[in-house]
Amino acid sequence: MERLQKMIANSGICSRRKAEQLIKDGRVKVNGIVISELGVKVDGKDKIEVDDIAISNQGKVYYLLNKPRGVISSASDEKGRKTVVDLIQTEMRIYPIGRLDYDTTGVLLLTNDGEFANIIMHPQYQIDKVYIAKIRGIIKGDAINQLKKGVIIDNKKVRATRVKLKKIDMKTNTSIVEITIHEGHNHQVKKMFACVGFEVLKLKRERVGIFDLTGLRSGEYRKLTTKEVQIVYSNKKSNTKV
Ligand code: URA
């Protein structure tokens, strides 16, 4: 919780002293109600308006989470199960950028910045999403080539930009494959492997663009640095035709 005048000042529209004056002048509303006395505290979920115009009280925030298994990738769950947002301590209304399945682990970004989320997700910006998949069976060159050439899932053609066989284990009859994609369709990696005849037993996202799991154990998270956010935005510029 923050003092109302501080929240207004933090939005960048004026100084804290000016914000106090705006409140005293009856020009500030919180959740539709005029607040004309100092001392009221608010949080990131309250709607604050000055002269009936909402301030962008939600400063933009960005997190990188090492998603554990057994957590839902959405902002809320109707069955009350734990979500990735529950793992992050913030007053801000954040949401995950794309989805990882309940049983998938690894890199997940969360934010309240829609433009940033779009750059990460939209295939146009060609941001790598790199997965390590443990699959049942021994994969061969033909299946790997097919993943690179493209397969049809849910009536859409999708392809891996890179596929690397990391390991095969004849004893357990499994293969470990690194696969890179640019899209983020529902269950895309599992469906792609299913198309070439393999079941994914375990899936971990190792990297999204410049973001990997360095220093983060399962369930841990950190804020992105300003520099990292700038790099993502500059990627947008370099991928937008003018
Ligand atoms: N592809 C999948 O199949 N599952 C995920 O969680 C992410 C990508």
Side-chain angles (χ1 to χ4, degrees), residues 62-79 81-88 94-111 116-137 139 143-167 174-214 216-221 232:
Y62 310 86
Y63 295 93
L64 167 54
L65 168 71
N66 183 354
K67 179 193 172 294
R69 197 166 284 116
V71 185
I72 307 270
S73 282
S74 60
S76 65
D77 181 56
E78 74 280 1
K79 292 186 201 144
R81 288 172 297 184
K82 196 174 213 174
T83 75
V84 287
V85 171
D86 295 332
L87 298 177
I88 294 183
I94 55 170
Y95 52 86
I97 303 179
R99 280 172 184 234
L100 290 181
D101 296 334
Y102 191 68
D103 58 351
T104 301
T105 60
V107 173
L108 187 64
L109 295 161
L110 299 100
T111 188
F116 181 88
N118 187 53
I119 300 168
I120 297 288
M121 284 206 297
H122 200 291
Q124 169 192 358
Y125 300 112
Q126 300 181 11
I127 304 254
D128 287 344
K129 285 94 188 174
V130 184
Y131 294 85
I132 302 288
K134 180 178 184 181
I135 59 175
R136 193 190 305 285
I139 194 166
I144 289 177
N145 286 337
Q146 192 60 52
L147 289 170
K148 289 199 261 195
K149 255 174 55 195
V151 291
I152 309 283
I153 60 167
D154 304 329
N155 297 320
K156 284 180 284 268
K157 182 160 181 178
V158 291
R159 60 180 206 91
T161 56
R162 202 174 123 100
V163 184
K164 204 171 150 192
L165 179 58
K166 304 282 275 185
K167 199 174 150 191
T174 54
S175 313
I176 307 282
V177 184
E178 182 189 289
I179 178 166
T180 303
I181 56 177
H182 287 161
E183 311 94 340
H185 300 297
N186 247 355
H187 315 301
Q188 181 169 337
V189 173
K190 291 176 187 168
K191 286 180 179 171
M192 287 175 77
F193 277 107
C195 271
V196 293
F198 292 91
E199 182 193 355
V200 173
L201 301 173
K202 234 175 163 186
L203 191 60
K204 177 180 189 178
R205 186 151 70 184
E206 279 222 318
R207 181 167 69 80
V208 172
I210 58 168
F211 304 104
D212 65 21
L213 295 168
T214 306
L216 293 177
R217 282 174 298 188
S218 177
E220 288 185 341
Y221 65 89
V232 171

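We number each residue from 1, following the sequence as shown. Every number for a ligand or one of its atoms is a count from 1 in the order of the listing. Atoms considered below: every heavy atom in the structure, side chains included; atoms not considered: hydrogens, waters and symmetry mates.
Among residue pairs with one or both ends in residues 63-79, those qualifying as side-chain hydrogen bond (donor to acceptor under 3.5 Å, both in side chains) are D77-R81; sequence neighbours excluded.
Between the side chain of K129 and the backbone N or O of H182, at least one donor-acceptor pair lies under 3.5 Å. For T180 (side chain) and T161 (main-chain N/O), no donor-acceptor pair under 3.5 Å exists by modelled atom type. Side-chain atoms of R207 do not come within 3.5 Å of backbone N or O of D212 as any donor-acceptor pair.
Within 4.0 Å of ligand 1, contacts by protein heavy atoms are made from L100, D101, T104, Y131, H187, Q188, V189, K190, L203.
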The test is side chain to side chain contact (heavy atoms under 4.5 Å, CB included); show your working for L108 and Y221 and say whether it passes. CA-CA 9 Å; L108 187 64; Y221 65 89; over 6 Å; no
Assess whether side chain to side chain contact (heavy atoms under 4.5 Å, CB included) is satisfied between F193 and I179, documenting all intermediate values. CA-CA 10 Å; F193 277 107; I179 178 166; 4.0 Å; yes
